[in-house]
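What you see below is based on every heavy atom in this structure, not just the backbone, and it leaves out hydrogens, waters and symmetry mates.
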Amino acid sequence: MLKEKEKQICGRIEEGRGDTVVVNKKCNSATKKFNNKRIFISLLLLLVVVVIVLPTSSIWNLQYNKNLPLCFKKLLCQKSISLKSTNASDVTTSTRRKLRGKFLHITDIHPDPLYKEGSSIKTACHRFTKKSGANDDDDFASLFTDPMVGCDSSLELMYHTMDWVVDNLKDEIDFVIWTGDNIRHDNDRKNPRTESSIFDLNTQLSDMFYDSFKKVPPTFDPMDMDVKVIPSIGNNDVYPHNMFAIGPTLQTREFYNIWNKYIPQEQQRSFNRFVSFFEEVIPGKLAVLSINTLYLYKANPLVDNCNQKSEPGYQLILWLGYVLQEMRERNIKVWLSGHVPPIEKNFETTCFHKFSAWIYEYRDIIIGGVYGHMNIDHFIPIDGKNSREEIQIYEEELSRLYDMDVDDDTDSSDARIMGAAPVNKVNYMRKIKKLYKDLDKSFHQGDGDDDEYCSKFSIVTIAGSVIPTFNPSFRVWEYNISGLNSEENILNSGKSWESFFDELEIKLQQDLMPDKDEDVVDILKKKKKKKPDKSIPPKMPSSLELGPAYKPQLFSPTGFTQYFADLNTINKNYYKFIDKDGLSKDEAAKKAFNYEIEYTSMDEDFPMDSLLVKDYIKYMHDLLQHKKRWKAYVHRAFISTDYENLDM
């Protein structure tokens with residue numbers, strides 16, 4: 001087309017000089033202009049492809065596009081991760097930041113837009129009374145909320161917490177695990193929660209996390225964040241609290257809209273059903289699974305068991321099984337995360353045993369699990385091998401087994417309506433000590449093989465919360481990246497995740513088809529072979545080695561730092577800075593508020609060289625042998641509030 005234009009404008013003046021064609025200067029000038037246009041258009045198209053099209057596509061699946069030039073594959077892969085570097089510190093996360101070998105776990109913020117500074121604590125810190133005010137220190141709601149009084153978090157506590165995290169931790173962490181409960185408790189009859197207000201506040205917190213960790217300056221891809229955030233749903237994030245049906249429903253779709261910046265596009269359909277997903281925080285190497293624990297939670301009225309195909313827990317476990325198997329085939333290691341801890345106190349019995357069995361059978365890839373909900377900083381070893389045996393013995397009657405609760409003093413459902421005030425938590429820790437003693441006794445009655453004994457356990461880590469049930473707290477985990485060699489091929493050679501989820505939809509439809517009713521006479525005459533229950537995991541192949549939770553290797557957890565905010569000191573300083581130093585409220589708040597290190601895994605009375613399962617088992621034994629260490633452990637469980645010594 002351009003050549004025709006050239007001829008129309010200037011023509012071709014040929015002068016006979018043998019075989020040479022001479023174009024006059026006027027014609028040459030016009031041709032040059034068109035050549036420049038041609039170059040400009042080509043560069044513009046290339047810019048569109050590189051800047052707009054490719055970054056919004058899955059650059060980690062470029063190997064599947066055979067038509068893409070090799071040079072572009074190399075260029076984009078080098079932007080994502082340096083494949084030629086042999087230094088682990090040069091390897092990047094999915095957001096192309098250098099790895100730090102750390103991540104943040106934060107949970108249970110429970111912000112309350114109705115919270116009013118100076119209001120009466122007896123009104124859930126919502127209203128002023130004649131007796132409330134500065135003259136009544138016992139019934140005065142402080143700016144940053146007071147520990148152990150039962151009020152939810154003030155917005156000032158939430159915003160200052162996030163500001164502190166961004167200012168002090170953002171550049172030091174690789175990703176954030178955020179395990180839910182982002183709504184106030186339904187503890188004020190004059191101001192009942194509504195579904196719309198719950199959605200609105202969830203949206204506000206989602207936007208706050210996104211704005212805190214998004215890419216600066218932003219790119220065309222909204223999922224391109226400086227620090228990846230993996231949220232999960234809490235029991236107070238839904239309406240009514242605890243009750244949540246299998247999707248797709250209005251609520252599951254709404255949560256997708258709220259979290260769509262965090263959820264990979266290819267997982268939309270499965271998320272709309274399960275409100276569960278995963279994110280490859282180090283592509284091809286490390287993933288975090290966000291599990292909707294409400295489908296396994298005994299306080300959810302819609303959960304009866306995990307044995308029937310119609311049950312949400314049964315369906316969720318099928319999803320979990322297929323995802324874990326695919327992770328194993330891709331050699332991706334996995335952190336599990338969710339709101340409600342998977343312990344017998346919380347999960348319906350059949351759901352607990354099946355979930356524990358899946359963790360046990362995939363101990364080659366699962367690193368650990370981090371959870372919230374209980375507001376107490378502690379850990380519980382879960383015997384997955386025993387759960388496996390329970391399933392085999394009682395497969396036909398698991399739904400009728402009795403519940404072996406660790407704690408029967410704090411109900412897992414109704415008590416939480418009361419709000420944030422701690423109730424019977426000292427007695428709960430006594431039950432935890434008894435559990436530790438039982439596990440320790442069985443350990444010493446064994447054959448002395450530490451590795452074999454410890455390999456049947458997984459560690460459920462239950463975090464302190466931001467809501468001041470005690471003092472606000474969160475944890476920064478450290479994990480091993482020294483063995484991460486970026487020369488290894490991180491671009492998976494198998495199918496794309498999009499193909500996997502397309503196939504998963506078909507498999508789930510087939511698995512969840514109702515079984516045909518069999519005639520009673522036929523059953524009496526001849527026993528038919530029962531179809532295998534796919535909610536029960538296959539045994540881990542003997543050829544596979546134990547994973548990062550059991551032996552030191554890449555991604556093994558190596559330590560942590562526990563941060564807390566001493567609210568009594570912070571609130572005291574805040575009012576002092578205003579009344580005595582003459583600072584403005586904003587100046588006083590900024591100066592007074594601070595998080596500090598409460599303890600680390602390397603402290604003298606927390607002597608853990610690493611955070612392998614066997615280290616936890618040995619530490620558990622050590623706690624039982626030393627009264628001072630157990631006392632320190634309980635003190636930290638209540639986030640240094642001295643709750644264990646108070647008459648509450």
Side-chain angles (χ1 to χ4, degrees), residues 179-180 230-233 238 244-249 251-253 255-256 259 262-280 287-297 300 302-330 332-340 342 347-348 350-362 365-366 369 371 384 387 391 494-514 531-538:
T179 49
I230 301 90
S232 52
I233 190 170
V238 300
F244 200 68
I246 195 75
T249 65
Q251 288 200 80
T252 65
R253 292 191 181 98
F255 269 99
Y256 178 79
W259 291 347
Y262 307 120
I263 303 165
Q265 179 66 31
E266 63 271 14
Q267 299 187 51
Q268 177 180 357
R269 282 182 296 175
S270 64
F271 183 90
N272 281 336
R273 178 183 292 182
F274 304 116
V275 193
S276 301
F277 74 105
F278 65 84
E279 176 67 45
E280 289 185 81
V288 177
L289 267 65
S290 169
I291 300 170
N292 177 7
T293 52
L294 300 189
Y295 290 156
L296 311 169
Y297 187 31
N300 183 350
L302 303 179
V303 172
D304 291 327
N305 58 67
C306 281
N307 286 340
Q308 296 174 307
K309 292 183 177 181
S310 60
E311 287 289 322
Y314 183 96
Q315 297 183 32
L316 175 66
I317 287 175
L318 288 185
W319 172 88
L320 176 65
Y322 281 118
V323 170
L324 288 176
Q325 180 59 32
E326 186 67 20
M327 294 288 183
R328 173 182 280 170
E329 292 178 4
R330 294 172 183 246
I332 296 176
K333 307 305 180 187
V334 175
W335 274 99
L336 303 180
S337 68
H339 181 68
V340 181
F347 278 18
E348 189 281 327
T350 63
C351 299
F352 166 74
H353 284 305
K354 287 188 175 182
F355 187 84
S356 300
W358 278 98
I359 298 175
Y360 172 69
E361 299 298 356
Y362 281 81
I365 62 169
I366 294 177
Y371 305 90
S387 288
I391 293 172
K495 58 194 169 195
S496 67
W497 282 118
E498 185 175 4
S499 298
F500 166 77
F501 280 102
D502 287 342
E503 294 176 7
L504 178 60
E505 286 292 317
I506 298 173
K507 291 178 180 178
L508 289 174
Q509 289 177 9
Q510 294 173 344
D511 294 342
L512 296 175
M513 289 180 63
K531 293 181 180 179
D533 184 353
K534 291 190 176 181
S535 68
I536 299 175

State the OG1-CZ distance between T293 and F355, to the nearest 0.5 angstrom.
-> 8.5 Å
Flag the pair V334 / F278 as yes when at least one side-chain heavy-atom distance between them is below 4.5 Å, and no otherwise.
-> no
State, yes or no, whether a side-chain contact exists between V340 and L296 at a heavy-atom distance under 4.5 Å.
-> no
Supply the atom-to-atom distance E503 CD to E498 CD, rounded to the nearest 0.5 angstrom.
-> 11.5 Å
Is S356 reaching over with its side chain to a backbone N or O of G384, donor-acceptor style, under 3.5 angstrom?
-> no
For N300 and F244, the nearest pair of non-hydrogen atoms, with its separation, is ND2-O, 3.0 Å
Q510 side chain reached by I506 side chain, heavy atoms, under 4.5 Å | yes
For the residue pair S232 and W259, what are the closest heavy atoms and their distance?
-> C-CH2, 3.4 Å
K309 side chain vs Y314 backbone, donor-acceptor pair below 3.5 Å = no
Do the charged groups of D533 and K354 touch, with an N to O distance under 4.0 Å?
-> yes
Side chains of R273 and L508 in contact at under 4.5 Å (non-hydrogen atoms) = yes
Check C351 against V303 and note the closest heavy-atom contact, atom names and distance.
-> SG-CG1, 4.3 Å
What is the distance from atom CD of E361 to atom CD1 of I536, rounded to the nearest 0.5 Å?
-> 11.0 Å
Which pair of heavy atoms, one from S290 and one from W319, lies closest together, and at what distance?
-> O-CH2, 4.5 Å
Scan side-chain atoms only and decide if Q325 and E329 contain a donor-acceptor pair under the 3.5 Å cut-off.
-> yes
Mind checking the OG-CG spacing from S276 to L294? Nearest 0.5 Å is all I need.
-> 9.0 Å
Just wondering, do L289 and L320 contact through their side chains at under 4.5 Å, heavy atoms?
-> yes
Give a yes or no answer on whether the side chain of E266 reaches the backbone of F501 with a donor-acceptor pair at less than 3.5 Å.
-> no
Between W497 and F500, does the ring centre distance come in under 6.0 Å?
-> yes
Do F352 and S387 have side chains that get closer than 4.5 Å, going by heavy atoms?
-> yes
Is any side-chain heavy atom of L318 less than 4.5 Å from a side-chain heavy atom of L512?
-> yes
Quick check: does any side chain N or O of N292 sit under 3.5 Å from a backbone N or O of F274, one acting as donor and the other as acceptor?
-> yes
Drop me the distance from I291's CD1 to H339's NE2, to the nearest 0.5 angstrom.
-> 14.0 Å
Answer whether the closest heavy-atom distance between the side chains of E348 and N305 falls below 4.5 Å.
-> yes
Distance (rounded to the nearest 0.5 Å) between I233 CD1 and F255 CZ = 3.5 Å
Would you confirm whether T350, through its side chain, and C306, through its main-chain N or O, come within 3.5 Å as a donor-acceptor pair?
-> yes
What heavy-atom pair brings K534 and D511 nearest, and what distance separates the two atoms?
-> NZ-OD1, 3.0 Å
Might you work through the side-chain contact (heavy atoms from CB on, under 4.5 Å) test for I230 and F277, ending with a clear yes or no?
-> CA-CA 9 Å; I230 301 90; F277 74 105; 4.0 Å; yes
Y262 versus P231, closest heavy-atom pair with distance | CD1-CG, 3.8 Å
